[in-house]
2 protein chains.
Amino acid sequence: MPVTLKELAVRARVHPSTISRVANNDPSLRIAPTTRQRIETLLRETEYRPNGVARGLKLRQTFALAVVIPDITNPFFAALFRGVEDGASPRGYNVLLCNTDGSPERQRSHLHSLHARRVDGVILASSVLRDPSVRWLRHQHIPHVLVNRFSDDGQDAFVGSDDVLGGLVATRHLVELGHRRIGHLAGKLTVSTGVLRRRGYLGAIADSGLPADAALIAESGYTEEGGARAAEQLLSMRDRPTAIFAVTDMTAVGACTVARRMGLRIPEDVAVVGYNDIPLASRLVPGLTTVHVPIHEFGAAAARLLMEQIETGEASRRRVIFNPQLVVRGSTVGGADAPVNRRPAAAFATE
Amino acid sequence: MPVTLKELAVRARVHPSTISRVANNDPSLRIAPTTRQRIETLLRETEYRPNGVARGLKLRQTFALAVVIPDITNPFFAALFRGVEDGASPRGYNVLLCNTDGSPERQRSHLHSLHARRVDGVILASSVLRDPSVRWLRHQHIPHVLVNRFSDDGQDAFVGSDDVLGGLVATRHLVELGHRRIGHLAGKLTVSTGVLRRRGYLGAIADSGLPADAALIAESGYTEEGGARAAEQLLSMRDRPTAIFAVTDMTAVGACTVARRMGLRIPEDVAVVGYNDIPLASRLVPGLTTVHVPIHEFGAAAARLLMEQIETGEASRRRVIFNPQLVVRGSTVGGADAPVNRRPAAAFATE
DNA sequence: TAACATAGAACAATCGTTTGTTCAACGCAA
DNA sequence: TTGCGTTGAACAAACGATTGTTCTATGTTA
């Protein structure tokens, strides 16, 4: 049981409020230098730290943020979290982490619990389009920032990449390599990244004059297993694609595993492109060609937008959109892997 | 601003305490069925949730745990965290996550901040031997569980694997493959895993009648970069080792990268064994032979030990030690990789 | 000397709950 | 009618901080 103001007040023979004022360096008050000295010594000796809970109750601010994601074991979200913590921790915030495994009910339940805990704000990376949970956040006036995925276009603060452009450059790359049948592992149509990257994919196909074939698009979700299932479906077609653009690196990994199991060589029999450039992408053999986005920066930018809302006290709809950059590795171009760990060009944010 | 007891009290024309008793189903008090009904309806209509901060102040319990680790982007710690959350979340706890990057000062600072926040307990996976922070936790009577690494033998609740045995089986495996010069990337001598796995390594060498050669042991730390540096040192010797046992999978990964860069083939020129069996291990080419430990279970068990301390109100020194299991893959035995993703036997915990 | 600033610190309300204690009203037996 | 046991709910004191207001000595000025 750490020391409290009241106990210190007894020891210093002053009122608790006086101690509080000294501890907080309250500018509004005049304190005799001698008593200030006495109290400061006492504070140091006892290593007094104000009780954060009591403080939170009085100040109505807890200095706690929460990050809500599908799954921290996915390297994308791990890097994202680091970005958030690196942005928020130096400013005195602690960060809670909640995994939803993609379940809307788990997401809802976590958000309610976080609200009851009075976290100062929430960074949400697991939202779907027209997400009831996001609307609830707005309705409760809980400061929040969506990351990577948005819910209702432009209604919330958001950090992400230009997904249409990303899908476009990824697919165009495959077109330029001469592929005529290009498959797409399309995430989900209930998720913004799924819809937009697919739009980019379709745009590139159209630009190139290739025929659009709905059979080449398979909903994969965002897990490795989902990617494996969807890829298996595409690669089992009589007229199977010679290239696949996967909505994320993890689904691409699932696709690679399946392709290999089917005896297909990468990239000779099937080329694969992912999205996000997670650290794993450059370590695979062959390396995974992918669309690089600055994941750590996503988190740091989200933390900034969130703290800004908390400190100004008003909701924001600001959007930070990073420019995606294609990184070519061995999964699309034989021999492209040397040197290992190719660095993409720096990414720039707009607005 | 969510509804408070006081507001509800006005609307229901009763005293706030009465609402609180209905909300908490207080058994100690008699309430007329009719008013209970009335209040319950009101609670439902307004979706009343008690303010967790106020509750925490009064009850002296916040239902928040913290996990302190070196770095969440290391897959080992990501899996560990999931274990903790999966264990704690169903019982109403939220979990804070703090990364230390191996800095004692960051660790200290995070722990102080968590204490000020009055988290109910801490799970610490970044401790060193004779860690002042751990002693501070004990001194402050903060419920805590050490994971993977311990500080002062037997002084704290602990979850981990039998590191000596793990180091032994890993090294013995290399001996049995006929290697005569076996190197070791030894983590740090300030960390329990470093000391103990090294002890296992030395034991296996001694058992086999091989000469002990201090030059074959290099301190690597626990990062990929550290592993790369240390491996480069070992592999640059005139009389370089033909096999390496690395203290963790990530250091092994660093070693593999360096070996490949030096033009050495794995496993033909140098065999590599890691420790932990992170998901990445089975995805590398060749697959990484490693010592499997149930990482997710580490987290879940730690959460259990911690909640037990919180609920009984007394510190525990209980230890949960899992049995490590060697998993042989292509990094030590050519052609061992098929089928992909070999499963280790189930691990059993002792005590 | 009376009136009045001013410095220095105490006072007290408040944040939203929880929970031991007290109290009012009623029914019933003597 | 008096007294007592019950029931149902109000009262009030925390938990530990913050902060606007009030109070009491001083010291200063007219």
Side-chain angles (χ1 to χ4, degrees), chain A residues 1-40 42-43 46-64 92 113 115-120 140, chain B residues 1-40 42-43 46-64 92 113 115-120 140:
Chain A
M1 37 253 69
V3 66
T4 70
L5 276 189
K6 210 190 295 183
E7 291 161 13
L8 289 182
V10 173
R11 293 183 51 175
R13 308 175 159 285
V14 297
H15 196 266
S17 63
T18 304
I19 313 252
S20 169
R21 296 194 136 102
V22 172
N24 293 354
N25 233 316
D26 185 333
S28 85
L29 221 67
R30 316 160 282 220
I31 294 181
T34 133
T35 52
R36 171 186 293 276
Q37 285 285 330
R38 186 160 44 100
I39 293 177
E40 279 174 346
L42 191 60
L43 289 176
T46 58
E47 297 185 324
Y48 170 75
R49 302 271 162 223
N51 179 322
V53 178
R55 211 150 190 275
L57 179 59
K58 178 64 188 176
L59 299 181
R60 302 160 153 281
Q61 174 165 10
T62 57
F63 283 95
S113 158
H115 182 44
R117 188 178 291 291
R118 297 296 185 275
V119 297
D120 293 334
Q140 302 287 331
Chain B
M1 38 253 68
V3 65
T4 69
L5 276 189
K6 209 190 294 184
E7 291 160 13
L8 289 182
V10 172
R11 292 182 52 175
R13 309 172 159 285
V14 296
H15 195 268
S17 64
T18 305
I19 314 251
S20 169
R21 296 194 137 102
V22 171
N24 293 353
N25 233 316
D26 184 334
S28 86
L29 220 68
R30 311 159 287 220
I31 294 179
T34 132
T35 51
R36 172 186 291 277
Q37 284 285 330
R38 186 162 43 103
I39 293 176
E40 278 176 346
L42 189 62
L43 289 176
T46 58
E47 297 184 325
Y48 170 74
R49 302 269 161 224
N51 179 321
V53 178
R55 210 152 191 274
L57 179 59
K58 180 64 189 177
L59 299 181
R60 306 162 147 279
Q61 174 164 11
T62 55
F63 284 95
S113 157
H115 181 43
R117 186 179 291 290
R118 297 296 188 276
V119 297
D120 294 334
Q140 302 289 329

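Chain letters run A, B, ... following the sequence lines, proteins first and then strands; every chain starts at 1.
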Legend entry - Rounded distance (nearest 0.5 Å) linking atom CZ of R11(A) with atom CD1 of I19(A): 9.5 Å

Legend entry - Under 4.0 angstrom between R60(A) side-chain N/O and dG16(C) OP1 or OP2: yes

Just the table, please: protein N/O against nucleotides 4-7 of chain C N/O, every pair under 3.5 Å.
| unit_1 | atom_1 | unit_2 | atom_2 | d |
| --- | --- | --- | --- | --- |
| dA7(C) | OP2 | R30(A) | NH1 | 3.0 |

Legend entry - Nearest-Å distance for atom pair CD1/C1', residues I19(A) and dT18(D): 14 Å

Inset, instruction - Mind calculating the distance between CG (L5(B)) and C1' (dC11(D)) to the nearest angstrom? - result: 15 Å

Legend entry - Student check: side-chain heavy atoms of Q37(B) and P33(B) closer than 4.5 Å: no

Legend entry - Residue whose nearest DNA chain C nucleotide is more 5′ - R49(B) or T35(A): T35(A)

Inset, instruction - Would you please confirm or rule out a distance under 4.0 Å between OP1 or OP2 of dT18(C) and any side-chain N or O of N24(B)? - result: yes

Inset, instruction - Locate the shortest heavy-atom distance separating L42(B) from A12(B); write the atom from each residue and the value. - result: CD2-CB, 3.8 Å

Inset, instruction - Provide, to the nearest angstrom, the distance between the NZ atom belonging to K58(A) and the C1' atom belonging to dA17(D). - result: 8 Å

Inset, instruction - Indicate, with a heavy-atom threshold strictly under 4.0 Å, whether R118(B) touches base, sugar-phosphate, or nothing. - result: nothing

Inset, instruction - Quick one: label S20(A) by what it contacts on the DNA or RNA (base, sugar-phosphate, nothing), any heavy atom closer than 4.0 Å. - result: base

Legend entry - Minimum-distance nucleotide to R21(B) side chain [options: dG16(D), dA10(D), dT18(D)]: dA10(D)

Legend entry - 4.5 Å side-chain heavy-atom contact, H115(A) and Q140(A): yes

Legend entry - Heavy-atom side-chain proximity of T18(B) to T35(B) below 4.5 angstrom: no

Inset, instruction - To the nearest Å, give me how far apart CZ (R55(A)) and P (dG16(C)) are. - result: 17 Å

Inset, instruction - Please tell me if the side chains of Y48(B) and L5(B) come closer than 4.5 Å, counting only heavy atoms from C-beta onward. - result: yes

Inset, instruction - Look at the side-chain N and O atoms of K6(A) and state whether any lies under 4.0 Å from the OP1 or OP2 oxygen of dA14(D). - result: no

Inset, instruction - Take the protein atom CD1 of I31(A) and the nucleotide atom P of dA10(C), then report the distance between them rounded to whole Å. - result: 10 Å

Legend entry - Heavy-atom neighbours of R36(A) CZ exceed 12 at 6.0 Å: yes

Inset, instruction - Please state whether the phosphate of dA9(C), meaning OP1 or OP2, lies under 4.0 angstrom from any side-chain nitrogen or oxygen of T18(A). - result: no

Legend entry - Protein-nucleotide distance (Y48(A), atom OH; dA17(D), atom C1'), rounded to Å: 6 Å

Legend entry - Distance below 4.0 Å between S17(B) side-chain N/O and dT18(C) OP1 or OP2: no

Legend entry - Separation of dA10(C) C1' from I39(A) CD1 (nearest whole Å): 12 Å

Legend entry - L8(A) side chain near T4(A) side chain, heavy-atom distance below 4.5 Å: no

Inset, instruction - Specify the separation, in whole Å, of atom CG of L8(A) and atom P of dG16(D). - result: 12 Å

Legend entry - Closest to the P50(A) side chain, choosing from dA17(D), dG8(D), dT17(C): dA17(D)

Legend entry - Toward the 5' end of DNA chain C, by each residue's nearest nucleotide, A54(B) or H15(B): A54(B)

